[in-house]
Amino acid sequence: AQTIHQWPVAEIKAVGSPLSLGCTIKGKSSPNLYWYWQATGGTLQQLFYSITVGQVESVVQLNLSASRPKDDQFILSTEKLLLSHSGFYLCAWSPGESSYEQYFGPGTRLTVL
Amino acid sequence: QQQVRQSPQSLTVWEGETAILNCSYEDSTFNYFPWYQQFPGEGPALLISISSVSDKKEDGRFTIFFNKREKKLSLHITDSQPGDSATYFCAASARDAGAKLTFGGGTRLTVRP
């Protein structure tokens with residue numbers, strides 16, 4: 001069975017500080033990986049997706065960047081946090097041969113002060 | 001521009017009743033429609049999905065009805081239980097849109113015992 005793990009569970013950071021969030025998927029080789037952002041009480045906005053190691057496509061520009069250093073790992077980062085970056089960050093995966101069904105991780109709650 | 005719309009924003013039903021959640025879309029290229037269930041503080045879970053070649057999909061107490069001509073879908077939850085209280089998101093994807101999944105604003109369902 002596939003498992004998806006996100007770290008950290010929660011972060012409280014200062015405006016202007018750097019950020020790195022991680023996601024690991026186990027039990028599935030060559031998955032498609034995705035990053036989403038969700039404001040409190042809001043909908044989900046897709047940020048990035050990756051279909052292979054080293055390749056990342058940006059969907060929305062929010063002064064964030066993403067990388068896929070390993071087949072099972074997806075990293076979201078920024079050098080300078082903004083207040084607007086606060087929210088719930090979700091990593092998701094899909095089987096690859098079909099991009100339609102996406103499965104979400106438990107999320108990381110980010111508070112920027 | 002909101003391509004996927006959901007109504008109502010919130011819905012309260014009594015235990016045992018049928019909850020009906022509505023979704024509409026604008027982009028005629030959308031051909032896959034998953035519904036996600038999200039509990040507070042958790043990542044969304046894929047509940048049930050339908051492709052545009054079908055007009056109905058059933059899975060236990062959950063049924064999607066799809067009207068391609070009117071670009072509308074609905075999720076029916078029969079015999080609603082208090083444990084069904086959650087936010088439900090309708091999403092849409094187009095075959096040629098790569099990995100992009102567009103989410104609606106969500107419906108918060110409360111089932112009263």
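Naming convention: chains lettered A, B, ... in sequence-line order (proteins, then strands); numbering from 1 in each chain.
Inter-residue side-chain proximity for Phe88(A) and Gln38(B) is flagged as met; some heavy-atom pair is nearer than 4.5 Å. With contacts defined as side-chain heavy-atom distances shorter than 4.5 Å, the pair Leu44(A)/Tyr36(B) does not qualify. The side-chain heavy atoms of Gln46(A) and Phe103(B), taken from C-beta on, include no pair separated by under 4.5 Å.
Hydrophobic clustering (ILVMFWY, side-chain heavy atoms < 4.5 Å, transitive): Trp35(A) and Val59(A) are in one cluster. A continuous path of ILVMFWY side-chain contacts below 4.5 Å connects Leu90(A) to Val60(A), so both sit in one hydrophobic cluster. Cluster annotation: Val112(A) and Trp7(A) are assigned to distinct hydrophobic clusters (Ile/Leu/Val/Met/Phe/Trp/Tyr, side-chain heavy-atom contacts under 4.5 Å, transitive). Note on Phe48(A): it clusters hydrophobically with Leu62(A), by side-chain heavy-atom contacts below 4.5 Å among ILVMFWY residues. Hydrophobic clustering, with ILVMFWY side chains joined whenever heavy atoms are under 4.5 angstrom apart, keeps Val9(A) apart from Ile75(A).
Along residues 66-91 of chain B, the residues that come nearer than 4.5 angstrom to chain A, judged on non-hydrogen atoms, are Phe89(B) in order of number. Among residues 46-55 of chain B, the residues having any heavy atom closer than 4.5 Å to a heavy atom of chain A are, in sequence order, Leu46(B), Ser49(B).
Shown here is Gln55(A), whose CD atom has more than 12 heavy atoms of other residues, nucleotides or ligands within 6.0 Å. Enclosure of atom CD in Glu79(A) is not indicated, since only 12 or fewer non-hydrogen atoms of other residues, nucleotides or ligands lie within 6.0 angstrom. For Arg112(B), the CZ atom is loosely surrounded, since the number of other residues' heavy atoms within 6.0 Å does not exceed 12. Crowding of Arg109(A) atom CZ: a count of heavy atoms from other residues, nucleotides or ligands under 6.0 Å exceeding 12. Atom CD1 of Ile12(A) sits in a sparse spot, with 12 or fewer heavy atoms from other residues, nucleotides or ligands closer than 6.0 Å.
For Gln38(A), the part lying under 4.5 angstrom from a heavy atom of chain B is the side chain only.
To the nearest 0.5 Å, atoms CD (Glu42(B)) and CZ (Phe104(A)) are separated by 13.5 Å.
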- Item | Criterion side chain to side chain contact (heavy atoms under 4.5 Å, CB included) on Leu101(B) and Tyr34(A), from CA distance to verdict | CA-CA 10 Å; Leu101(B) 196 58; Tyr34(A) 312 85; over 6 Å; no
